[in-house]
Structures are given as structure tokens and as C-alpha cells.
Amino acid sequence: MSDRPVTERRVRDRAVVIDRGFAVIQKWALRAVLIAAALYVIGWALGRTWMIWFPVALALVLATVLAPPVTWLRRHRVPDGLAAAGVMIGFIGLISTIIAILAPQVAGQAPDIADKAVSGLTEVRDWLRDGPFEVTDGQITNAISAVQEQIRSSASTISAGVFSTIGVATNVVLNIVVTLILTFLFIKDGHKFLPWVGSLAGRRAGAHTVEVLARSWNTLGGFIRTQTLVSFIDAVIIGAGLAIVGVPLWVPLAVVTFFGGFIPIVGAFVSGALAVLVTLVTNSPKDALIVLLIVFAVQQLEGNVLSPWLQGKTMNLHAAVVLLSVLAGGSLFGITGAFLAVPTVATVATVLRYLNEQIDDNVSFGAPPEDSRAAVPHQPDLTADEDGPASRPDDA
């Protein structure tokens, strides 16, 4: 027998362990770089062609709202084109009526809202300086300068986003026309899309593709319809509260609250702060405090009752994820990005959940039980007993 020492291949000394650790880091680092590069290319392509995707995105959002009545009419043997045309005409008529009623009031009082908000900030500044906190003018000036700088930078970003999404296309009217045409086509022929994708991709890939697209559509539609209802309830309650308190600008403030509700967290905060500042100037500090309490109560009702009850587990996004997605969307694409950020992230989350379910279904029999239940981490283990770990139901 040879008296040579045991080879390094058979002995895992520190050098071998460290070397394997660096190999794993290198492999995952390369994967991260490739994924980041792919995301960068996709983002670059979207940015360059956003003038095309902008009306498509808006049309998809509108289609999620208008598709259910079209489906109902189709089930009652109404032809596809007639059902889609009828729903589109009714939708345009409804929106035109609302605009005709509210636009004069909102447009006429919008400058007053801006002036009252600025005056409200001035009163808050005076209270901070002369009130119990005794904040110095220098501290207030520095804080206001920082806020103004942030507003100016945000305004330039938002303006750039608006002009890059709306202005690059010929004009706003063209975007509206294209969006309405695409919406009509989506609600007219959208029900044929998934069967076509399934037949094109084949049995195995087609089944996964159809399931992912169907879940994504349901998530997007559920978010838009639910957010519309929640925003409407918020606007009605806050508008009624402002009217009862006696705020003269309650109609435009209720409209701002409604549209602000489509940008979760940020929109509710901005519209609520605006209502409080305007009330502070038009009425009194006591009324402003009452409005603040109303806004706070409505936001608690929305966050803890309405949204969880109406949306259920469709969204299932943490508040931090929602906030960061809104900030990222607003920074990249302006107001449009802030509006589309949450439904986009919710759709991506739906795809990731489906992939997680597929991973669970393909975990090996001998793997730990928790490895096959990652998609439902909070589901109780009903097959476990006191003598040992639980077994997967499909392993029996």
C-alpha cells in the first residue's frame, strides 16, 4: 500500500470549504449581473417605446373595468361588437356627464385651493415659530428650503414623465383616441386571446402561460375595480365631512381625494394634507383638526377594513412594497408611473406566486416538509401528529 497522505479530494480542509464558498458566490454573482443587465435592457426598451405602451397600459386598465358588463351581455347572446360598442358608448357618456358637472367647479376653484394651501403652510409656520415648540426661523427656513427643493426636483421629474409619455405622442387627444380604440378591441376580442395563446404554446407551456395570464388579468382587474370603489367611498365620506364642517371648496377637494386614491399611501396622504391646509385657512384651526380626524379615520377605515375586505388576498402586498413601488414608478415615469406602479407590482407578484406553487409541486419526496409549502407559509399543518413531522398529502 502507498504511504501517501489522503488526497485533498477526500479531505475537506479549510481551503476546500473556502474555495467552494467562493465558487457559489461567483455563480450567484454572475447570475445577478445577468438578471440586472436583462432588466436594464427591458427598462431601456420600455422607456424608448413608452409612447406606444402608454395607451396600451391605459387601455388594459379601462378594459378590466368594462370587460365584466361586456361578458354579461355576451352570455345573453349579444354579438361581440354590439356588446363592446354599447358598453363603450355608455362609459363615454357617463364620463362626459361627470366631467360636465364637476369640471366647471373644479377648474374654477383650483387656483383657490393652491392659494389656500400656501396660506395654510404659512399659518403652520407661524404656529411653529410662536407656539409651544419655539422653533427658530432659521430651522423653519432650512426645512422649507429642503421641502421646496424636493418639490422642484419632483416637479421637474413629473413634468419630464408627463411630457415623455403624453407629449411624445402627437397630442393628448391622439392618446385618448388610441386608448379608446384599443379598449374597444380588448373588450371585444379579449376573450379569444387566452385560447389562442394556449393553442400556440402547446399543451404543457400553454397551460402554464394561460394560467399565469388569467391570474394576472384577475389581479389587475380586481385591483382597479376595488381601488375605484375604495376611492369613491373615501371621496364621499371626506367630501361629506368637509361639507358638514362648512369648507367652501369641498367639491374639488372630494374630486382630488378620489383621484388621489388611485396612488396608494402617497395619494391619500397628499389629498388629506391638502384638505386640512385648506380648511385651516378657510375656516379655523378647530375645523382643521376635525377634518384631520376625519381624514385619519377614513384612511384607517380604508387600510384596515375596506381594502382587506374588498381585495382579500388578491393583492397581498406589504405596505413598504406598495410605497417603494409608487416612489419608483413616479421617479421613472412621473404621475403615470405612480398610477401604474402598484398594479404592475401586483401582477408581477402574482406571477412569482404561481412560480412558487410550481416549485412546491416539484419538490422531491425526501425533501423537508416545509420546502413543499413555501407558497402557503401560514397554512396550518393538518397532517402532523405528535410523534413525528408531517407528510405531504400527495406523498401518501
Side-chain angles (χ1 to χ4, degrees), residues 38-39 41-92 165 169 174-228 313-315 336 339-362 375:
L39 292 177
V41 172
I42 293 174
W44 178 85
L46 286 176
R48 299 287 293 183
T49 59
W50 186 239
M51 68 183 69
I52 299 174
W53 296 111
F54 174 65
V56 172
L58 292 184
L60 285 174
V61 170
L62 289 178
T64 60
V65 179
L66 302 181
V70 174
T71 302
W72 183 86
L73 291 174
R74 190 183 300 116
R75 289 174 180 173
H76 288 75
R77 301 184 182 279
V78 179
D80 295 345
L82 184 59
V87 171
M88 285 294 300
I89 293 174
F91 172 75
I92 294 174
T165 55
L174 178 60
N175 269 323
I176 294 176
V177 172
V178 172
T179 299
L180 292 177
I181 293 175
L182 289 176
T183 303
F184 172 78
L185 296 176
F186 288 162
I187 62 178
K188 174 180 176 291
D189 300 322
H191 63 287
K192 303 176 184 178
F193 180 71
L194 289 183
W196 174 77
V197 170
S199 62
L200 181 65
R203 175 176 298 181
R204 184 174 61 179
H208 292 296
T209 305
V210 168
E211 180 66 19
V212 168
L213 291 177
R215 292 191 184 189
S216 300
W217 176 258
N218 292 333
T219 298
L220 178 62
F223 169 77
I224 296 299
R225 290 189 293 270
T226 301
Q227 202 63 33
T228 301
K313 295 183 179 179
T314 302
M315 291 281 293
T336 306
F339 168 67
L340 296 175
V342 177
T344 300
V345 172
T347 303
V348 172
T350 299
V351 176
L352 294 178
R353 291 190 192 104
Y354 180 78
L355 295 176
N356 202 15
E357 292 176 6
Q358 298 307 305
I359 294 174
D360 282 356
D361 292 340
N362 288 274

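Throughout, residue positions are numbered sequentially from 1 according to the sequence presented. What you see is a predicted model, and the numbers here were worked out from it, not measured in a lab.
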Between Thr219 and Thr350, a side-chain donor and acceptor under 3.5 Å: yes
Calculate, to the nearest 0.5 Å, the distance between atoms [atom1] and [atom2] belonging to [X] and [Y] respectively.
X      : Y      : atom1 : atom2 : answer
Gln227 : Ile224 : CD    : CD1   : 8.0 Å
Leu213 : Leu220 : CG    : CG    : 12.0 Å
His208 : Leu355 : NE2   : CG    : 9.5 Å
Ile42  : Trp44  : CD1   : CH2   : 12.5 Å
Gln358 : Asn356 : CD    : CG    : 10.0 Å
His76  : Thr71  : NE2   : OG1   : 12.0 Å

Taking the side chain as every heavy atom from C-beta outward, state whether [X] and [Y] have any pair of such atoms under 4.5 Å apart.
X      : Y      : result
Asp80  : Lys192 : yes
Ser216 : Val351 : yes
Leu66  : Met88  : yes

Ignoring hydrogens, what is the shortest heavy-atom contact between [X] and [Y]? Give both atom names and the distance.
X      : Y      : result
Pro343 : Thr347 : O-OG1, 2.8 Å
Leu340 : Thr344 : O-OG1, 2.6 Å
Ala84  : Val70  : CA-CG2, 4.1 Å

Whether the side chain of Asn218 engages the backbone of Ala214 through a donor-acceptor N/O pair (distance < 3.5 Å, no angle test) should be reported. yes
Where the side chain of Arg225 meets the backbone of Thr64, is there a donor-acceptor pair that is under 3.5 Å apart? yes
Just grab all the salt bridge (charged side-chain N to carboxylate O under 4.0 Å, His left out) pairs involving residues 42-60, residues at least two apart or on different chains. none
Determine, stepwise, if the pair Phe193 / Asp189 fulfils side-chain contact (heavy atoms from CB on, under 4.5 Å). CA-CA 7 Å; Phe193 180 71; Asp189 300 322; over 6 Å; no
Ion pair check, Arg353 and Glu357, cut-off under 4.0 Å: no
Distance-only donor-acceptor pairs under 3.5 Å for side chains of residues 176-188, two or more places apart:
from, atom 1, to, atom 2, distance (Å)
Thr179, OG1, Asn175, O, 2.7
Thr183, OG1, Thr179, O, 2.7

